[in-house]
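Protein chains get the first letters and strands the later ones, always in sequence-line order, with residue 1 at the start of each.
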Amino acid sequence: MKILMFTWEFPPLISGGLGMACYGMVKALLNLGIKIDLVLPTREEVYFPLRDVADVDTLPAVFLDPKKQSTFETRTFLNSSERMDFIGINERPESYFQLAEIRRYAVSLKKEYWLSETVSIEEHDLWQQMTKNLIGEEDLIRKVQEYTLRAERMARMLDYDMIHAHDWLTYPAGMLARKLSSKPLVVHIHATEFDRAGGPGDERIHKIEHAGMTYADKVIAVSQYTAQMIMSRYRIDTGKISIVHNAFTIPEDAVLSKERIFKGPVILFLGRITLQKGPDYFLDMAQRVLQTHPDARFIMAGTGDMSRKLLRRSASLRLKNRFLFTGFLNRKQVESVLRASDIYVLPSVSEPFGISPLEAMAYGITSIISKQSGVAEVIKHAFKIDFWDVDLWVETINHLIEHQDYRAKMGIEGMREVNKIQWDEAAEKIRQIYTSTLADYIRNH
Amino acid sequence: MLNIVFYFQVHQPYRLRHYNVLDIGQGSPMFDDKLNGEVMRKVAEKCYLPTNKLLLELIKEHEGRFKITFSITGTAIEQFKLYSPETLDSFKALVDTGHVELLGETYYHSLAFLYDSNEFLDQVMMHRDLMQQEFGYFTETFRNTELIYQDRLSDLVFEIPGFKTLLTEGVDRVLQWRSPLYAYKNYNKRINLLFKYYQLADDIAFRFSNRDWPEFPLTVEKFVSWIDKLTLNENKGRNQFLNLFMDYETFGEHQWASTGIFDFMRHFPGEVLKNQHLGFAFPKDATDLSNYQQESISFPEPVSWADEERDLSAWLENDMQHNAIETLYELFERVKAKGDPELLKTTRMLSTSDHFYYMCAKYFQDGDVHKYFSPYDSPDQAYIYYINALAELEERLLR
């Protein structure tokens, strides 16, 4: 079976959980013998034919332009980052959660182009819905437009059985590929605009999300929490929705042993500093815990549109040198900060899944996670608290600081538990979804 | 007689490296030796060495009638030794002429006066010892970091034997109708005060190369004629002091050589000394030259020479600055109790006022000046690195 897969993130192109999830999932799918042609928002027009498990790290690439392909083939690269530069993969994609902040020159999409090959009225309406909303001045919308136009060439040129698109940025591409190839489309919901915005968010994105899910043959949600969301907010046919929880497989070269930075207990927030992730609740907890335990250190790891606000507020609360910001961290640095931490907190306001706590637990860190998260459905050995219940968060952190033995015990049990949540199992579920979708599709055509 | 008091501030901080959370406890260096070396060598080449050479020539040429004053911080002296020893030698040559006064200040160019009187006195004594040791000079005049002054400072400085005069900014809201051209006394009449004449000092320091300034270009003749006019209102024979205080880096660094700043300086003393009633003096001369009853003047609130506000807002306005400096001075006591000289030195290097200046987030005209001097992308970055450094400092305390 061969899949044409569209995603916005894949290591080294990674800004959050989407990239991590795609990596683990693709690796496990390859292990099941499924072939994947991966399309990423690269500067150059390339796709990545992944056939072998090892390909997820080496990322073999093919240029659509034969001339460029031959240059690429004959060229020798000193290291992989030089190779990635040539393809045009940024190690740090701009976060796609700050639409309102990015404003650039306007290029609108030609509607006629999109509508030229449509047939049914329903289809026509969905196209309308998608194209009408894929218009904007923002850098990101323009990137999605470009990516979608490029998908057209990929869809015509490549040979595949199914299309799999991750999150709204690639839904237009997935829809177009389905239209051109008449192959079934699976869309994967890692997060909806409601989650990301922590409120209603951008209406254009809702429309694109709705069009994508409606046009798809199958919808995969990363949790029951998300399935509920897409049923109630997007009115998607429940029969189309399957739940496949994310997983976490620790890299083989990971070093799990503790390496402390601070003598006092370290409480970690690791993720994008955006409204969705509840960083302001983390700051509130820190302020109150530090009154009881001034030797504790709070580390806020990551970047996001709320960084500056949080930084200024931490200063105004006079948290001294006890509330620290790391800025953006690469994989190796994430490992270092995990090895130095004792308690992990995820106070997300709305978290479709949340892989990051699984990673923290794999390092034996006791975790406290928001009840408003998908990950809470799959793990037992973590504390689960409503994101808004700061009193309880504070009480729990204080308790864990004061009872080191208990903390260690929870950490070890969490580690054992997470080791059982492997991508292989999730990939097997996805394989079954592929097979049944394909069978349905063949039956109907 | 109008005496021009030319005082130049010579200072270089130890700039912090882009110091991240993951650097803590790794034994990685806190300060950016590479950058500090580069800056020192660049400024030495563009400013210190050529200006010192010029001033030495002028002092010799005018046989003692041209006098200048320096305040050189401890962190600058240390970095001369590390990165540009010839600069230190050239300053020594100037002091050896006997026509140079050296001022006292805090060794680390710190804001200790505002937070920790004992630390302030320690740093002042360290600086006096350094001047004695490097130049064989005993300081008699004091200027606090960035000319920060308030009544309480005069009390502290008075406790240190030998200081008879203090320099500060001629802030309009305090002076009001009074002229900054006379020597005054502090609020309880124990110490002399001299005030920077900021209009004329800033003509050289900030406006010299500004083409939008109506007086551009500033010629020596024009400038001396302005000075001459200042003497017209004085008809009782009282000695006046025209206090032109500025950063030494004005010459060749803030105002590049191509602006003609060196030519201006070369011809300035000669043009002044053509006039019988104009001359040069040291700040320490204030005691002898004040041939009148000096009025006492009170500064209940702190002032400085920075920005339009001439207050403390360049260093102590936003929450980042306050949190950073309060955390630092809380650590000072514990560092001293620990008795580790290396750790104390590091803490003092972190007390240099520049660190807080980089965190200034006033985003208008003055913000530009801050940005020009900052080695970081933003005030937030400066704050993050500084707080990380303080976290490291505290871990070292616990070690």
Novice: What are the residues of residues 317-342 of chain B, in order of number, with any heavy atom under 4.5 angstrom from a heavy atom of chain A?
Specialist: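 Listed by number: B:D319, B:M320, B:H322, B:N323, B:E326, B:T327, B:E330, B:L331.
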
Novice: With a 4.5 Å cut-off on side-chain heavy atoms, are A:W393 and A:V345 touching?
Specialist: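 A:V345 reaches A:W393 side chain to side chain.
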
Novice: Which residues pass the side-chain hydrogen bond (donor to acceptor under 3.5 Å, both in side chains) test with A:E402, sequence neighbours left out?
Specialist: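 A:E402 satisfies side-chain hydrogen bond (donor to acceptor under 3.5 Å, both in side chains) with A:H293 once adjacent residues are dropped.
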
Novice: Considering heavy atoms only, which positions within residues 390-397 of chain B lie below 4.5 Å of chain A?
Specialist: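 At a heavy-atom separation under 4.5 Å, chain A is reached by B:L390, B:A391, B:E394, B:E395.
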
Novice: Is the shortest distance from a Lys or Arg side-chain nitrogen in B:E38 or B:K34 to a carboxylate oxygen in the other one below 4.0 Å?
Specialist: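 A salt bridge links B:E38 with B:K34.
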
Novice: Select one option (side chain, backbone, both, neither) describing which atoms of B:I384 are under 4.5 Å from chain A's heavy atoms.
Specialist: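 Only the side chain of B:I384 comes within 4.5 Å of chain A.
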
Novice: A:R260 versus chain B, heavy atoms under 4.5 Å apart: side chain, backbone, both or neither?
Specialist: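 Contact with chain B: none, neither part.
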
Novice: Please name the residue in the list A:F323, A:Y344, A:F325 that meets the ring pair (Phe, Tyr, Trp, His ring centres under 6.0 Å) test with A:F282.
Specialist: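 Checked A:F323, A:Y344, A:F325 against A:F282; only one passes ring pair (Phe, Tyr, Trp, His ring centres under 6.0 Å): A:F323.
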
Novice: Flag the pair B:D33 and B:R17 as a salt bridge only when some basic side-chain nitrogen lies within less than 4.0 angstrom of an acidic carboxylate oxygen.
Specialist: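 So B:D33 does not pair with B:R17 through a salt bridge.
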
Novice: So, A:R196 and A:T274: side-chain donor and acceptor under 3.5 Å apart, yes or no?
Specialist: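 There is no such pair between these side chains.
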
Novice: If we define contacts as heavy-atom pairs under 4.5 Å, which of A:N321, A:L311, A:L319 has the most with chain B?
Specialist: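 Answer, by heavy-atom pair count under 4.5 Å with chain B: A:N321.
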
Novice: Do the rings of A:Y281 and A:F387 sit parallel, tilted or perpendicular, given the 30° and 60° boundaries?
Specialist: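 Because their plane-to-plane angle is over 60°, the rings of A:Y281 and A:F387 count as perpendicular.
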
Novice: Specify whether A:F10 and A:Y23 have parallel, tilted or perpendicular ring planes, treating 30° as the upper limit for parallel and 60° as the lower limit for perpendicular.
Specialist: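 Plane angle between 30° and 60°, so tilted.
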
Novice: Between B:F206 and B:H254, does the ring centroid distance fall short of 6.0 Å?
Specialist: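 No, the ring of B:F206 stays outside the 6.0 Å limit from the ring of B:H254, centre to centre.
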
Novice: Relative to chain A, which segment of B:Y386 carries a heavy atom at a distance below 4.5 Å: side chain, backbone, both, or neither?
Specialist: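 Nothing of B:Y386, per the 4.5 Å heavy-atom cut-off to chain A.
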
Novice: Considering only residues two or more places apart or on different chains, which pairs with a residue in residues 275-295 of chain A satisfy salt bridge (Lys or Arg N to Asp or Glu O under 4.0 Å)?
Specialist: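 Non-adjacent pairs meeting salt bridge (Lys or Arg N to Asp or Glu O under 4.0 Å): A:K277-A:E351, A:D284-A:R313, A:R288-A:D391.
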
Novice: Can a side-chain donor-acceptor contact be found between B:D354 and B:T352 if the only test is distance below 3.5 angstrom?
Specialist: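 No, no side-chain donor-acceptor contact under 3.5 Å.
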
Novice: With only heavy atoms counted, which part of A:L317 is less than 4.5 Å from chain B, the side chain, the backbone, both or neither?
Specialist: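 Neither part.
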
Novice: In the structure I gave you, are the side-chain heavy atoms of B:D380 and A:R308 within less than 4.5 Å of one another anywhere?
Specialist: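 Yes, side chains in contact.
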
